[in-house]
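Encoded as structure tokens, the structure appears first; notes follow it.
Labels below follow one simple rule: chain letters A, B, ... track the order of the sequence lines, proteins then strands, and each chain is numbered from 1.
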2 protein chains.
Amino acid sequence: MSNNLRIVIIEDDEILRKGYELLLSDVEDFSIVNSYGSYDLAKKQLKEDAPQVILLDINMPGTSGLQAIPEIKKMLSNTHIVILTVFDSAETVFEALNMGADGYLTKNASSEKIIEAIRDVCNGGGVMSINVARIVMHSFQKNLNSPLTKRETEILKRIAAGQTKTQIADELFIDQNTVRSHVKNIYIKLDVNSKSEAIKTATKNRFI
Amino acid sequence: MSNNLRIVIIEDDEILRKGYELLLSDVEDFSIVNSYGSYDLAKKQLKEDAPQVILLDINMPGTSGLQAIPEIKKMLSNTHIVILTVFDSAETVFEALNMGADGYLTKNASSEKIIEAIRDVCNGGGVMSINVARIVMHSFQKNLNSPLTKRETEILKRIAAGQTKTQIADELFIDQNTVRSHVKNIYIKLDVNSKSEAIKTATKNRFI
DNA sequence: GATATATCACCCCTTTTGGGTGATTTTAGC
DNA sequence: GCTAAAATCACCCAAAAGGGGTGATATATC
């Protein structure tokens with residue numbers, strides 16, 4: 001009993017919260033030590049709860065789940081956070097991962113997936129449900145209709161990496177003037193007239 | 001029969017290739033139209049094969065799977081590519097996704113997963129197996145031990161986005177001298193003395 | 001053979017950068 | 001409440017990089 005996996009649920013929808021509680025307390029080696037309707041309600045007691053895993057909703061009254069992540073991480077550095085939410089925009093996913101979430105499941109995840117995810121994060125894994133993976137994957141796929149040539153793309157990538165034209169010229173074994181020439185063409189094609197604009201436009205359109 | 005899902009397998013290991021063939025040809029609405037031991041062997045006939053899905057290995061004699069992706073995409077724009085490989089370094093995964101792969105499975109994926117993945121990509125989804133998801137997730141998680149303060153991180157992010165100190169000062173409503181001051185501290189903390197080095201170091205260590 | 005791409009050359013001037021040395025005010029941790 | 005860290009601003013300097021203009025040439029690619 002004492003070696004059970006300690007779990008806390010933070011979810012404002014009472015039906016869902018009770019549902020998760022029921023589901024997870026049925027698992028032999030899981031212990032639901034507490035469940036809360038918001039992070040604000042949870043935060044004073046989390047230290048005492050000392051959970052290994054927190055199932056965290058994002059959309060909650062008061063402090064949002066995203067804001068809560070760094071606070072939890074600070075307070076309980078060894079606790080794994082699994083986001084369990086309906087939100088699945090690319091921005092939300094990335095922000096959650098950036099904040100330090102160990103997993104991101106959407107609420108249509110099956111019981112087995114949730115249980116599996118809890119075990120996985122405890123073993124140092126990261127977990128995401130398939131539709132989240134889909135979002136992440138798509139956000140990586142380059143725009144195939146880039147107006148930039150191969151060389152121009154190469155150069156713009158390096159500019160985005162902070163390299164100067166001199167460095168780029170050296171590393172590509174071409175003249176600085178050639179780099180300048182490419183950069184000019186890049187600016188024309190992207191309809192910009194500075195480095196930052198070029199990076200912004202190219203990033204937004206996934207040309208690099 | 002004519003409405004069957006047309007699949008091509010490109011995999012140099014004959015045992016595996018035959019195994020996949022056997023597995024997938026058992027699925028009612030799947031048709032293995034062809035299978036090849038390398039992309040070089042496949043490329044002349046792929047157009048004729050007109051597959052909806054290609055299962056593609058990465059490590060193959062001749063043209064690698066990664067190099068093959070853009071070629072396939074160009075030749076068969078509506079064909080979905082699912083990488084099926086033992087390689088699962090973050091770089092490889094990202095490169096494959098960047099090249100335009102629609103899925104990335106590792107070879108320990110179960111039969112059901114592979115079949116599910118094939119159906120998923122045909123429905124416009126992206127697919128990744130759990131260990132790949134793990135890699136992707138970890139590569140997103142910021143280094144929590146960054147020596148940089150919040151403000152310094154903010155400023156370095158903007159420098160990485162190609163903004164000049166003037167622009168940064170304007171957008172953050174602070175003086176250019178303040179930005180300069182922060183940048184100097186950033187350089188000291190990262191032990192670098194130029195923009196590009198700072199971006200490189202910070203990116204490598206996931207400080208930004 | 002025409003068009004796109006990649007390569008290089010020289011002009012101009014303005015902006016940015018990086019280094020140095022300082023100070024003041026907030027903010028945050030103990 | 002004290003102390004240290006962080007954030008803010010000021011002014012010096014010279015070198016580097018940036019951006020705009022206008023060209024040429026070779027090599028692909030179609």
Side-chain angles (χ1 to χ4, degrees), chain A residues 43 47 67 70-71 73-75 77 144-202 207-208, chain B residues 43 47 70-71 73-75 77 143-202 207-208:
Chain A
K43 68 177 146 194
K47 218 158 196 167
Q67 295 169 311
E71 291 193 31
K73 283 273 162 185
K74 193 186 277 180
M75 190 163 32
S77 56
L144 297 171
N145 299 317
S146 171
L148 304 179
T149 68
K150 208 172 164 183
R151 199 56 152 178
E152 285 163 354
T153 305
E154 168 73 30
I155 287 171
L156 189 50
K157 266 187 193 169
R158 288 168 181 271
I159 288 177
Q163 293 193 292
T164 68
K165 297 187 171 77
T166 318
Q167 290 176 309
I168 296 172
D170 285 350
E171 289 188 16
L172 297 183
F173 305 107
I174 54 178
D175 196 277
Q176 297 185 28
N177 286 306
T178 307
V179 179
R180 294 174 68 76
S181 180
H182 283 304
V183 172
K184 282 175 208 167
N185 289 328
I186 291 170
Y187 287 4
I188 291 168
K189 286 186 181 178
L190 299 187
D191 190 28
V192 299
N193 49 19
S194 78
K195 213 163 43 159
S196 58
E197 287 179 284
I199 294 173
K200 199 173 158 191
T201 301
F207 296 153
I208 54 172
Chain B
K43 67 176 146 192
K47 218 158 197 168
E71 291 193 33
K73 283 274 162 186
K74 194 187 275 180
M75 191 164 30
S77 57
N143 189 331
L144 297 171
N145 299 317
S146 171
L148 304 180
T149 69
K150 208 171 165 183
R151 199 56 153 179
E152 286 164 354
T153 305
E154 168 74 30
I155 286 171
L156 189 50
K157 267 186 193 170
R158 288 169 181 270
I159 288 176
Q163 294 193 293
T164 66
K165 297 186 174 81
T166 319
Q167 289 176 308
I168 297 172
D170 285 350
E171 289 188 16
L172 296 183
F173 305 106
I174 55 179
D175 196 277
Q176 297 186 26
N177 287 306
T178 306
V179 179
R180 296 175 70 75
S181 180
H182 283 304
V183 171
K184 281 175 211 168
N185 289 329
I186 292 170
Y187 286 5
I188 292 169
K189 286 186 181 178
L190 300 187
D191 190 28
V192 298
N193 48 19
S194 77
K195 216 164 37 162
S196 58
E197 285 179 284
I199 294 174
K200 199 173 159 192
T201 302
F207 296 153
I208 54 171

message: Without decimals, in angstroms, what is the distance between B/Asn185 CG and D/dA7 C1'?
response: 9 Å

message: Can you identify which nucleotide, out of D/dA7, C/dC10, C/dA6, has its nearest atom closest to the A/Asn177 side chain?
response: C/dC10

- line: A/His182 NE2 to C/dA4 P, in whole Å, measures 16 Å

- prompt: Among A/Thr149, A/Val183, A/Leu148, whose side chain to side chain contact (heavy atoms under 4.5 Å, CB included) with A/Ile155 holds?
  reply: A/Val183

- request: Could you walk me through whether B/Arg151 and B/Leu172 pass side chain to side chain contact (heavy atoms under 4.5 Å, CB included), step by step?
  value: CA-CA 10 Å; B/Arg151 199 56 153 179; B/Leu172 296 183; 4.0 Å; yes

task: Starting from P on D/dA6, measure out to CG on B/Leu148 and report it in whole angstrom.
output: 10 Å

task: Evaluate whether atom NZ of B/Lys189 has more than 12 neighbouring non-hydrogen atoms of other residues, nucleotides or ligands under 6.0 angstrom away.
output: yes

message: Within the structure provided, determine whether A/Lys157 and A/Phe207 are in side-chain contact (heavy-atom separation under 4.5 Å).
response: no

message: What is the distance, to the nearest angstrom, from the CD atom on A/Glu154 to the C1' atom on C/dT7?
response: 16 Å

query: When you check the gap from the basic side-chain N to the acidic O, do A/Lys150 and A/Glu154 get nearer than 4.0 Å?
result: no

Write down the protein N/O and nucleotide N/O pairs, taken from nucleotides 17-22 of chain D, whose separation is under 3.5 Å; answer none if there are no such pairs.
residue : atom : partner  : partner atom : Å
D/dA17  : OP2  : A/Thr166 : OG1          : 3.1
D/dG18  : OP1  : A/Lys195 : NZ           : 3.4
D/dG18  : OP2  : A/Lys165 : N            : 3.3
D/dG19  : OP1  : A/Lys195 : N            : 3.1
D/dG19  : OP2  : A/Tyr187 : OH           : 2.7
D/dG19  : N7   : A/Arg180 : NH1          : 3.4
D/dG19  : N7   : A/Arg180 : NH2          : 2.6
D/dG19  : O6   : A/Arg180 : NH2          : 2.6
D/dG20  : O6   : A/Arg180 : NH2          : 3.1
D/dG21  : O6   : A/Lys184 : NZ           : 2.8
D/dT22  : O4   : A/Lys184 : NZ           : 3.4

message: Using a distance-only criterion (donor-acceptor N/O pair, under 3.5 Å, no hydrogens), is the base of D/dT8 paired with the side chain of B/Ser181?
response: yes

- request: Report the distance from atom CD1 of A/Ile174 to atom C1' of C/dA9, rounded to the nearest whole Å.
  value: 14 Å

field: Enclosure of A/Lys200 NZ (heavy-atom neighbours >12, cutoff 6.0 Å)
entry: no

task: Ignoring backbone atoms, test whether A/Thr178 places a side-chain nitrogen or oxygen under 4.0 Å from the OP1 or OP2 oxygen of C/dA6.
output: no

message: Return the CG to CD1 distance between A/Asn193 and A/Ile188, rounded to the nearest 0.5 Å.
response: 11.0 Å

- prompt: Rounded to whole angstrom units, what separation is found between the NZ atom of B/Lys150 and the P atom of C/dG29?
  reply: 12 Å

- prompt: Can you check the B/Lys189 NZ to C/dG18 P distance for me, whole Å?
  reply: 18 Å

message: What is the distance, to the nearest angstrom, from the NZ atom on B/Lys74 to the C1' atom on D/dC30?
response: 12 Å

